[in-house]
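Both backbone and side-chain heavy atoms feed into the values below; hydrogens, waters and symmetry mates do not. Counting convention: from 1, in listed order, for ligands and their atoms alike. One is the number of the first residue; the rest follow in order along the sequence. The structure presented is a predicted model; accordingly, all values stated were derived computationally and were not measured.
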Amino acid sequence: MGTPLSASTGAPHAAILGVGAYRPVRVVPNADVVDAIDSSDEWIQQRSGIKTRRWAGPEESVQMMSVEASRIALERAGLDAGQIDCVVVATVSHLLQTPAVATAIAHELGTDAAAFDISAACSGFCHGISMASDFVRAGSAQHVLVIGVERLTDILDLTDRGTAFIFADGAGAAVVGPSDTPGIGPVVWGSDGEQFDLIRQREDWRDVVGSPERPGSGVMPHLVMQGNPVFRWASFAMAKIGQQAIDRAGITLDDLDVFVPHQANMRIIDAMARSMKLPSHVRIARDVADQGNTSAASVPLALERMIAEGDARSGDTALLIAFGAGLSYAAQVVTVP
Ligand code: UT7
């Protein structure tokens, strides 16, 4: 005699119900980073489109920024923290290997929901949205809080020409919950581990700590990137992934209102829009110009800004796409809350 394993039943569909953001107070212009990397404002703007970025101060921790962004997302979704069943935090810059920062964030918000971190670098938020949609539809959770947060300045080498001017700090959050109509399309995701080394933590912890026979470096393991191969990969391969997400959502490019790509580099954003042949009516997120590249936080920050500035309106159809270390990527079409 078998024991029944009762099937959980979820909502017919899932949707993003609210989006929130936290941007660090300190605005850092190119002039403040160029001396340490022998660069210029002109070079940085030409190659990346970045004019300023936000860098966190001592009080603006991963947890603090996440809680602030989440409170706004919850308020906009019309929910209390107690109604959240699961908290998923996408980050690569929480400096404790364990426990997950998600449990501390959940506790500060006032929920004892399931809480865990995911490590998918810049594409982590889009991975989280896909998981949240599946949880809601499978009945594993009714409401899921997905947070993308980074305090990359903790792991930046400010003398590294390849990273110091690009990366930045911030947090974005989205509440995913039940919906009568589809609000989150099928995910198109994957990885290219052959390019594992292109963006990575330079030393592993054993190299930092060392041993009596082999002394460690004793310095924070920094983030390093071979920018140009990543640039070429992102500019060409990611346009196809975006198109696949549109196809899988059962829509055409003409149905799209908003494009929210990972905010890595303005030239990549433009190259993707060109390769995808986005119609001129599609409004494109360009948050990177004054926010820098905030990895897992970049897509929710950019989406939140478009909503706040009226460039993305409730009911609009938006393509989200993110890519980065791994190399890993994820894309989906969503309805703007
Ligand atoms: O978020 C995760 C995913 N990350 C990305 O998508 C980032 C992708 N990569 C990029 O955004 C670009 O590769 C960068 C903005 C990082 C660099 O732009 P690039 O057009 O790929 O430049 P490059 O590395 O090919 O360098 C071009 C030139 C070189 O000089 P030569 O050899 O042409 O004389 C570099 O030495 O620019 C020089 N250079 C710099 N000059 C001033 C490299 N870094 C700098 C710098 N300032 N910071």
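- Side-chain atoms of V87 and V146, non-hydrogen and from C-beta on, never get closer than 4.5 Å to each other.
- The two atoms that bring L319 and V333 nearest to each other are CD1-CG2, 4.1 Å, heavy atoms only.
- The side chain to side chain contact (heavy atoms under 4.5 Å, CB included) test with H262 is passed by exactly one of S123, C122, C126: C122.
- The distance criterion of under 3.5 Å between nitrogen or oxygen atoms is not met by S48 with respect to ligand 1.
- Identified under the side chain to side chain donor-acceptor pair (under 3.5 Å) test for residues 165-186, with sequence neighbours left out: T153-D169.
- Distance check on atom 33 (O) of ligand 1: every protein heavy atom falls at or beyond the 4.0 Å cut-off.
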Scan the side chains in residues 63-74 for donor-acceptor partners under 3.5 Å anywhere in the protein, sequence neighbours excluded, and list what turns up.
from, atom 1, to, atom 2, distance (Å)
Q63, NE2, E108, OE1, 2.7
S66, OG, V62, O, 2.7
S70, OG, S66, O, 2.7

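- If you number the atoms of ligand 1 from 1 as listed, the ones under 4.0 Å from a heavy atom of N228 come out as 13 (O), 19 (P), 21 (O), 25 (O).
- Which parts of ligand 1 touch I268 is read off a 4.0 Å heavy-atom cut-off, strictly below it: atoms 6 (O), 8 (C).
- Under the 4.0 angstrom criterion, atom 36 (O) of ligand 1 counts as having a protein heavy-atom contact.
- In N293, the part holding a heavy atom less than 4.0 Å from any atom of ligand 1 is the side chain.
- V144 approaches I84 most closely through the heavy-atom pair C-CD1, 4.4 Å.
- At the top of the distance list for atom 47 (N) of ligand 1, counting protein heavy atoms only, stands S39 OG, 2.6 Å.
- Close contacts between ligand 1 and H262 involve ligand atoms 1 (O), 2 (C) [criterion: under 4.0 Å to a heavy atom].
- When distances from atom 30 (O) of ligand 1 to the protein are checked, no heavy atom turns up under 4.0 Å.
- Residue D197 comes nearest to Q226 through the heavy atom pair O-NE2, 3.9 Å, listed as atom of the first residue, atom of the second, then distance.
- In terms of modelled atom types and a separation under 3.5 Å, the side chain of H281 and the main chain of L256 share a donor-acceptor contact.
- Note: no N/O pair closer than 3.5 Å links D38 and ligand 1 by distance alone.
- Classified by interplanar angle (parallel below 30°, tilted 30° to 60°, perpendicular above 60°), the ring pair W233/Y329 is tilted.
- The minimum heavy-atom distance between Q142 and V136, with the atom names listed, is O-CG2, 3.6 Å.
- Residue-level proximity to ligand 1 for I44 is absent, since no heavy atom of it falls below 4.0 angstrom.
- Between R76 and L17, every side-chain heavy-atom pair lies at or beyond the 4.5 Å cut-off.
- Close approach of ligand 1 to F165 (heavy-atom distance below 4.0 Å) involves ligand atoms 15 (C), 48 (N).
- Close approach to I199 involves these atoms of ligand 1, each under 4.0 Å from a residue heavy atom: 2 (C), 3 (C).
- Using a 30° and 60° split on the angle between ring planes, H127 and W189 fall in the tilted class, from 30° to 60°.
- The protein heavy atom nearest to atom 48 (N) of ligand 1 is R161 O, 3.0 Å.
- Among all non-hydrogen protein atoms, the one lying nearest atom 38 (C) of ligand 1 is W43 CZ2, 4.0 Å.
- Per-residue contacts place A264 under 4.0 angstrom from the following atoms of ligand 1 (heavy atoms of the residue considered): 5 (C), 6 (O).
- For ligand 1 and N265, the ligand atoms under 4.0 Å from any heavy atom of the residue are 10 (C), 11 (O), 12 (C), 15 (C).
- No side-chain heavy atom of I199 sits under 4.5 Å from any side-chain heavy atom of V224.
- At a heavy-atom cutoff of 4.0 Å, ligand 1 is contacted by the side chain of C122 but not by its backbone.
- Using a 4.0 Å threshold on non-hydrogen atoms, atom 2 (C) of ligand 1 counts as touching the protein.
- Heavy-atom proximity to M225, at under 4.0 Å, picks out these atoms of ligand 1: 4 (N), 7 (C).
- Per-atom contact check: atom 21 (O) of ligand 1 touches the protein, criterion being a heavy-atom distance below 4.0 Å.
- At a heavy-atom cutoff of 4.0 Å, ligand 1 is contacted by both the backbone and the side chain of F231.
- The protein heavy-atom contact nearest to atom 27 (C) of ligand 1 is R47 NH1, 3.5 Å.
- At a threshold of 4.5 Å between non-hydrogen side-chain atoms, the residues T294 and F167 do not count as touching.
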